[in-house]
Protein chains: 2
Amino acid sequence: MTYRIVLADDHKIIRDGLKALLEKEREMEIVAEAENGRQALQLVRKHNPDIVIMDISMPDLNGIDATRQITSEQPSVKVIALSMHSQRQFVDGMLRAGVSAYLLKDTAFEELVKAVRIVLSGKKYLSPDVTDIVFQDYRQPPVFDAAEQTAELTQREREVLQLIAEGRATKEIASRLHISVKTVETHRKHIMEKLDLHTVAELTKYAIREGITSLE
Amino acid sequence: MTYRIVLADDHKIIRDGLKALLEKEREMEIVAEAENGRQALQLVRKHNPDIVIMDISMPDLNGIDATRQITSEQPSVKVIALSMHSQRQFVDGMLRAGVSAYLLKDTAFEELVKAVRIVLSGKKYLSPDVTDIVFQDYRQPPVFDAAEQTAELTQREREVLQLIAEGRATKEIASRLHISVKTVETHRKHIMEKLDLHTVAELTKYAIREGITSLE
DNA sequence: GCTCAAATCAGGGTTTTCCCGATTGTGCCG
DNA sequence: CGGCACAATCGGGAAAACCCTGATTTGAGC
C-alpha cells in the first residue's frame, strides 16, 4: 500500500529535491508535480491523491486559493502547506482554506515525513514555530472571517503606523496629530505588541506588506 | 577524487533536498551547510571547498555580499548562485560579486549538476532564462544611475544596512560583527549621509528596493 | 612616500525609546 | 445601573540610541 502524493511548488529544483527525499520512503509515491496552483488543482482532479504538498507563493493561482478549492471539491484529499512564511496572514489563510498541516521550509525533511503520516491518520500537524501564531490568533478576538486582518489595529494605531513607516520622527508624528510624544510612544508600543514586532524596520516591512505605506 | 561542496540556503528542507540529490552523484560531497551568508563565509574559510552553492536571500548576511567576500578571500573557490529571482539587480549583483554560475530555482536539478562540472572545468555557466537579462544589461548604457547608487556604499556599510533593515538593535549588530557600538553608529551615520535618508524606516525601504533585505 | 578612503573606536552631551504606571471617555453586557 | 474592556491620552525615570568632534590603522593608488 503506497501513499499517492501530488507536489506543488513553482521551483523545479525544489520539487526535484523533495521528490528525491520522499521517494526514499518506500510507501510514498509522487504521482504528479505542479508548478502553480491551477495546475495543482487539475492534477488533483485527475489523480485523486492521498496527499498534496502545497507551496503558498506560486504564480497564476496561489497555494491558499488552490487549497480552498481542493478541500471543498475533494475533502478526502489532505493538503500539507509547505511555506517560507510564518506570518499570521499566511498561516491563517491556509488554516481557513482547510489544510491538514502547516510546515515551514526551515524545518527538516523528517518533519515533513512525520506530518504526512500524522495527516494520513486523520490528525493535524503544525510546525512548532507556527503553533505560537495560531494560539496568538485564537486567544484574541476571533478575527472575523474575511473581515479585516489589519482590523487588529485601531484606526489611530494605523495612522501612527503609517507615519512611522513613512519615516517620520516620533516628535513629528506627535505634532502632526496634535498629541504628545508620550501618546505616540504608547501607540507604537501597542502596535508592536499586537503585531509581535519590535523594531521600526519590522514595522515598516509589515506596513508595506499590508499596503499601509508604499515602497517610495 | 571528490568535489567538496558547501551548501548555503536559509531553508533546511531545501538543503535536505539538494543534499539528497547531490549525494546521488558519486563524486560530490557536501562538507558543510550554512543557513545564512555569514555562516557560509565561516564554513568556506574552515573547509576550503571546491564549490559553494549559494542562495541569494538569506538573513544576517545576504548571498551577494557573502559571495563578494568569498571570491576576494579565496578566488579558487567557485560560487554558484541559486536564486528564485531573475531580476536584473540580483543577477547583476551576483555577477559583479564574482559568481561562476547563476541558476534559477526553476531549473531542473540536472542543470545544477551540469553547472558544477562546467564551473570546475574553469568555465562559467548561466541559466538560459537569465542569459537574456545579461545581454539586455550590456546592450543598454552601462547603467549609470542604478548600478552606481548601490556602489556608493562599502561592503561593510551594506552589511550593517542589512542588519538594520532586518530589525536588529545597534548593540546586537555590534556584537554580531564583533565591533563596538560606536563603530556601528559611525557606519549607520555614513550610510544615512550617503543615501540622504534619515530614519530606519527609510533605510528599510531602500534596502528592500535594493534587494539587500527581503520583505519577510 | 603621500594621499585618501575604509574601518575602527572614544568622550560627552542630547534625544529617543523603553518600562513602569495612570486617567478619561465610550460602548457593551448581564 | 454598575462593572468592564479598551481606545486614547499622558508622566517619570532609566536605558539606549543618536550626534558631533575627533583619532588611529590599514591598504590601494599615484
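The chains referred to below are lettered A, B, ... by the order of the sequence lines, with proteins before strands, and numbering in each begins at 1.
Between B:T186 and C:dA7 there is no side-chain N or O to OP1 or OP2 distance below 4.0 Å. In this structure, A:R188 does not reach the C:dT16 phosphate: none of its side-chain N or O atoms is under 4.0 Å from OP1 or OP2.
Looking only at distances, no side-chain donor or acceptor of A:K124 sits under 3.5 Å from a matching main-chain atom of A:I118. Side chain of A:T107 to main chain of A:L103: no donor-acceptor pair is present (N/O by atom type, distance under 3.5 Å, no hydrogens or angles). Within the 3.5 Å criterion, the main-chain N or O of B:H198 finds a donor-acceptor partner in the side chain of B:E202.
In this structure, the CD1 atom of A:I191 is 14 Å from the C1' atom of C:dT17, given to the nearest Å. Nucleotide C:dA7 holds its P atom 10 Å from the CZ atom of B:R158, rounded to whole Å.
Each of B:I173, B:T170, B:L61 was compared with B:L163 under the side-chain contact (heavy atoms from CB on, under 4.5 Å) criterion, and only B:I173 meets it. For the side-chain contact (heavy atoms from CB on, under 4.5 Å) with A:I80, the lone residue among A:V99, A:V52, A:L112 that qualifies is A:L112.
Proximity of B:S83 to B:Y102: side-chain heavy atoms (C-beta onward) are separated by under 4.5 Å at one or more points. Contact of the A:V160 side chain with the A:L177 side chain is registered, since non-hydrogen atoms from C-beta on lie closer than 4.5 Å. With a 4.5 Å cut-off on side-chain heavy atoms, B:L104 and B:E111 do not count as touching.
Ranked by how close their nearest DNA chain D nucleotide is to the 5' end, A:K182 and A:H190 are led by A:H190. The 5' end of DNA chain D is approached more closely, in terms of each residue's nearest nucleotide, by B:E185 than by the other of B:K189 and B:E185.
Taking 4.0 Å as the cutoff to heavy atoms of chain A, we find the contact window on DNA chain D bounded by D:dA7 to D:dG13.
Listed by residue number, the members of residues 168-180 of chain A with any heavy atom below 4.0 angstrom from DNA chain D are A:I179, A:S180.
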